[in-house]
Amino acid sequence: MVRTTVPAMPVMSARVSTLLADMTLEEKVAQLVGYWIDQGGSVVAPMQDEMAADDAAPLAQFTRHGIGHFTRVFGTRPVEPAARAAWLRQEQRRLVAETRAGIPALVHEECLTGLAAWKAASFPTPLAWGASFDPELVEEMATTIGASMRELGVHQGLAPVMDVITDPRWGRVDECIAEDPYLVGTIGTSFVRGLQSEGVHATLKHFLGYSASASGRNHAPVHAGPREIADVYLPPFEMAIRDGGAKSVMNSYAEIDGVPVAANRELLTTLLRDQLGFDGVVVADYFAVAFLEVMHQVAADRGEAAQTALEAGIDVELPSGDAYLEPLIARVRSGDLDEAYIDRAVARILGQKEELGLLEPDAFTEDSPSVIDLDTPHQRDIARRLAEESVILLSNDGTLPIAQPVSRVAVIGPNADSTAALQGCYSFANHVLAHHPGVPLGIDMPTVADAIRTELPAAEVVTARGCDVEGDDRTGFAEAENVAAAADIAIVVVGDLAGLFGRGTVGEGNDVESLDLPGVQRELIERVVATGTPTVMVTLTGRPYAIGWALDDGSHRPAAVVQAFFPGEEGASAVARLLSGNAVFSGRLPVSLPRSAGAQPYGYLRPTLGGASSVTSADPTSVRPFGFGLSYASFAYSELDVTSSVRAGDSFTASLTVTNTSNVDGVETVQLYGRDTVASVTRPVAQLLGYARVALAAGESRRVTLSVPTQRFAFSDRRMVRIVEPGDVEVWAASHAAANAAEPDADAATGGVIHNEREAVRVVLPGIATPRARLVITGEVHEVTAADPRIVDVRVG
């Protein structure tokens, strides 16, 4: 029987309303699906081999009633951009001329680290965006990505990932921005603004709670409570929708408390649309509709899976249409599904196509450019700047910057001479080109060894691989030791190889049980250090690893440790410039550096019971906290001035003076933290309220003022209503999440060691903090509404 509830239709233009009224059922469902032009090519989606049809209909036959999306026209195999763009434009003309409704296809592509297409620029991975703490530069990057996509005829990008990191064992940490919801929200929203400024719709992934999967395993159940979902995982999406105007959302593969997100009307309609005000299009993650039958077993067949997902709020099935075509038609004709649900989704899709200009009569009259450059000098400049801002100096005994002149430099390690090691799992090279051996990279990408040679032209640079990223082969150790022993300085480049579903050490489907460096890379580093040559450890990774041994322990500690999260095509040059001192370190950890895999999940945004204490022998605290990063310069904070009293729902200001106390120019990332001293539910011991990158010449001082809405202290109360609660809060500025006024000062480069009250040795992390200021939030409880501000206004004077 037809369901008694009839969905409300979205607001439609006259053109869309007329189109919809004239369409047959077959034409309608055709708009709800994609067609994967090259679906028999590279495996780039979960269970693609099992789900993709071997006998898919030819394109002209499949699209005889029209089509909603073309899936990854440029991003499934290496194709010449200009030639493919010309083919695509001709195909759009065919759809307009030869189908009865005459509706073109919407073309979507991945664009997480730049457009995932052959010969396109490869930018730093999202973890590097978070490490930069620079939303303006991320917006600039996204704008150039959008321009490339528009030039090719692509309309929608499947990015950014707005999932909040909670467990570094999860392979998809590579795709995420940070462990702090506000940092994720501000950086991700900037990406949305940049992409959409070029007329390309952004897609927020993965709604909702996907990164909270059990034990960091991909597609695992999520056991987060409703308050954690609302206060940790939801805010970034809310910011990108309300502040960034995001046009599309993609569902999470996960289930939350036994209900798959793809079947969850409360999330995809009540929360997303009714409460957040989202009025765009919800697309399915690849095969997520069919997974309701295949993986979740909440549907008996594809028809029931299709109806369940459509009624929940998924408008478009991607990448193809094995559930939303014939099975959905059968559900309507059997009387099980009201056709109004299909009309609702089609109206949204046609509205999106109208907004993108696809329904205009002259949309495809002009030919595409005969020459298309997807890796311009401007894009490379952005890639270099973002890479330089994202690389993090974790420790340094004074070996860096490299003293010059230097005669002989050893560049050692499995990632020293590798371009793949510079890119994340959603780069075209690691996502697609790995399946096409022999096809050239298509863009210029120096390795770290190449970049060191360029940066230090007077030095002899000698390389040795030492070992592979994975495996236990140690036959290269002896060569590495000999090369290091004969050098003035050794740079050992280790870390990850990104890939998909078991191909590599990090990336989608590459979840881990251990957070030790893969293979025998730690042993390689220790052997090189043991030669006595000053050794710099450079990690190129897609997740943080448990490398406390390299920072705080024993005689085999390297002289300096540098962390780079897949820094992209200009990443090696950025690393080389930073090591030589021709660029300044300003990157900060966007995620806590873990002590061990067994301590996970752990993040700085925790209540008191989430940390170490005398009632447990397990210590979950990180070895370097969120926001941490060293510099060649040193800085001091003074004169913190915080509004003493503010009404709930209003804003307060926090001002401080930041001084470069060194003789080196530098950039300091000021982080404003706060905490509720007493609240009606447990609250974090520290919460990032706002941040500012401040460039300071040697000896320069600047006044930094942050205007902070009290909504930054909002949380879901016991009724699950988001409120700002009156009471006392503490506010302080710091250079990382663990810096506070109770800790003694430490040297800006190395840190020191003290004993805590239980006489256990611990490291005092280098960092700057100001005294805490007390702020009283007065008035009545303020219930947060859609109109309430949440973005911090920053002024640097």
Quiz item: Quick one: CE on Met537 to CD on Gln521, what's the gap to the nearest 0.5 Å?
Solution: 8.5 Å
Quiz item: Does a side chain donor of either Thr125 or Asp174 reach within less than 3.5 Å of an acceptor in the other side chain?
Solution: yes
Quiz item: Would Glu179 and Thr166 count as a side chain to side chain donor-acceptor pair (under 3.5 Å) if you check the C-alpha gap in whole Å, the side-chain angles of each, and the deciding distance to 0.1 Å?
Solution: CA-CA 6 Å; Glu179 72 179 50; Thr166 55; over 6 Å; no
Quiz item: Quick one: which of Thr76, Val432, Thr71 gives a side chain to side chain contact (heavy atoms under 4.5 Å, CB included) with Asp38?
Solution: Thr76
Quiz item: Does Arg408 use its side chain to pair, donor to acceptor, with the backbone of Ile489 at less than 3.5 Å?
Solution: no
Exercise. For residues Trp36 and Tyr286, establish whether the separation of their ring centroids is below 6.0 Å.
Key: yes
Quiz item: How far apart are the closest heavy atoms of Pro544 and Val173, and which atoms are they?
Solution: CD-CG1, 4.2 Å
Exercise. Assess Lys205 against Phe191: is NZ or CZ under 6.0 Å from the centre of the six-membered ring, and within 45 degrees of the ring's axis?
Key: no
Quiz prompt | Ala421 versus Phe566, closest heavy-atom pair with distance | solution = O-CD2, 3.2 Å
Self-check item: Salt-bridge present (Glu175, Arg172; N to O < 4.0 Å)
Solution: yes
Quiz item: Taking it one step at a time, do Lys119 and Glu80 satisfy salt bridge (charged side-chain N to carboxylate O under 4.0 Å, His left out)?
Solution: CA-CA 8 Å; Lys119 299 186 177 182; Glu80 192 65 44; 3.0 Å; yes
Quiz item: Tell me, do Ile525 and Leu517 make a side-chain contact under 4.5 Å, heavy atoms counted?
Solution: yes
Practice problem: Sequence neighbours left out, what passes ring-ring contact (aromatic ring centres under 6.0 Å, His included) with Phe74? Give chain and number order. | Solution: none
Quiz item: Regarding Thr505 and Glu470, is there a side-chain donor-to-acceptor distance under 3.5 Å anywhere?
Solution: no
Exercise. Of all the heavy-atom pairs spanning Arg72 and Ala116, show the shortest one and how long it is.
Key: NH2-CB, 4.0 Å
Exercise. Compare all side-chain heavy atoms of Ser427 with those of Ser122 and state whether any distance is below 4.5 angstrom.
Key: yes
Practice problem: Quick one: list whatever passes ring-ring contact (aromatic ring centres under 6.0 Å, His included) with Tyr602, sequence neighbours left out. | Solution: none
Quiz item: Does the pair Asp167/Arg543 count as a salt bridge with the N-to-O cut at 4.0 Å?
Solution: no
Quiz item: Do the non-hydrogen side-chain atoms of Ser596 and Leu515 ever get within less than 4.5 Å of each other?
Solution: no
Quiz item: Have Asn396 and Tyr632 got a donor and an acceptor in their side chains that come within less than 3.5 Å?
Solution: no
Quiz item: Using 30° and 60° as the class limits, which term best fits the ring planes of Tyr253 and Tyr210: parallel, tilted or perpendicular?
Solution: perpendicular
Quiz item: Backbone N or O of Pro124 within a donor-acceptor pair of the Trp129 side chain at under 3.5 Å?
Solution: yes
Quiz item: Below 4.5 Å, heavy atoms only, C-beta onward: do Ile177 and Val161 meet side chain to side chain?
Solution: no
Self-check item: Min side-chain heavy-atom separation Asp488-Pro534 under 4.5 Å
Solution: no
Quiz item: With respect to Val562, which candidate in Ile392, Leu578, Leu400 satisfies the side chain to side chain contact (heavy atoms under 4.5 Å, CB included) definition?
Solution: Leu400
Self-check item: Salt bridge present between Arg169 and Asp511 (N-O < 4.0 angstrom)
Solution: no
Practice problem: Specify the closest pair of heavy atoms between Ala550 and Val561, including all atoms of both residues, with the distance to one decimal. | Solution: O-CG2, 3.6 Å
Quiz item: Stepwise, does the side chain to side chain donor-acceptor pair (under 3.5 Å) test hold for Ser148 with Gln379?
Solution: CA-CA 10 Å; Ser148 289; Gln379 288 170 313; 3.0 Å; yes
Quiz item: Is Asp375 salt-bridged to Arg380, going by a charged N under 4.0 Å from an acidic O?
Solution: yes
Quiz item: Heavy-atom count around Glu513 CD within 6.0 Å, excluding the residue itself: above 12?
Solution: no
Practice problem: Consider only side-chain N and O atoms of Thr541 and Gln563, and report whether a donor and an acceptor are under 3.5 Å apart. | Solution: yes
Quiz prompt | Asp134 side chain to Leu137 backbone, donor-acceptor under 3.5 Å | solution = yes
Quiz prompt | Short N-O contact, Arg522 and Asp472, less than 4.0 angstrom | solution = no
Self-check item: Test: Glu523 and Arg474 ion pair at under 4.0 Å
Solution: yes
Quiz item: Between Glu455 and Arg577, is there a side-chain N and carboxylate O pair less than 4.0 Å apart?
Solution: no
Quiz item: Would you say the side chain of Asp180 lies within less than 4.5 Å of the side chain of Phe626, judging by non-hydrogen atoms?
Solution: yes
Quiz item: Which atom names give the shortest non-hydrogen contact between Gly767 and Ala739, and what distance separates them?
Solution: C-CB, 4.4 Å
Quiz item: Between Thr113 (side chain) and Cys111 (backbone), is there a donor-acceptor pair under 3.5 Å?
Solution: no
Quiz item: Rounded to the nearest 0.5 Å, how far apart are CH2 of Trp170 and CG of Asn218?
Solution: 6.5 Å
Quiz item: Which residues pass the side chain to side chain donor-acceptor pair (under 3.5 Å) test with Thr447, sequence neighbours left out?
Solution: Asp417, Asp450
Quiz item: Does the side chain to side chain donor-acceptor pair (under 3.5 Å) test come out yes or no for Glu481 and Thr531, once each step is laid out?
Solution: CA-CA 7 Å; Glu481 290 173 288; Thr531 66; over 6 Å; no
Quiz item: Do the charged groups of Glu570 and Arg385 touch, with an N to O distance under 4.0 Å?
Solution: no
Quiz item: Heavy atoms, side chains only, cut-off 4.5 Å: are Val538 and Val448 in contact?
Solution: no
Quiz item: Considering only heavy atoms from C-beta outward, does the side chain of Ile443 approach that of Leu374 to under 4.5 Å?
Solution: no
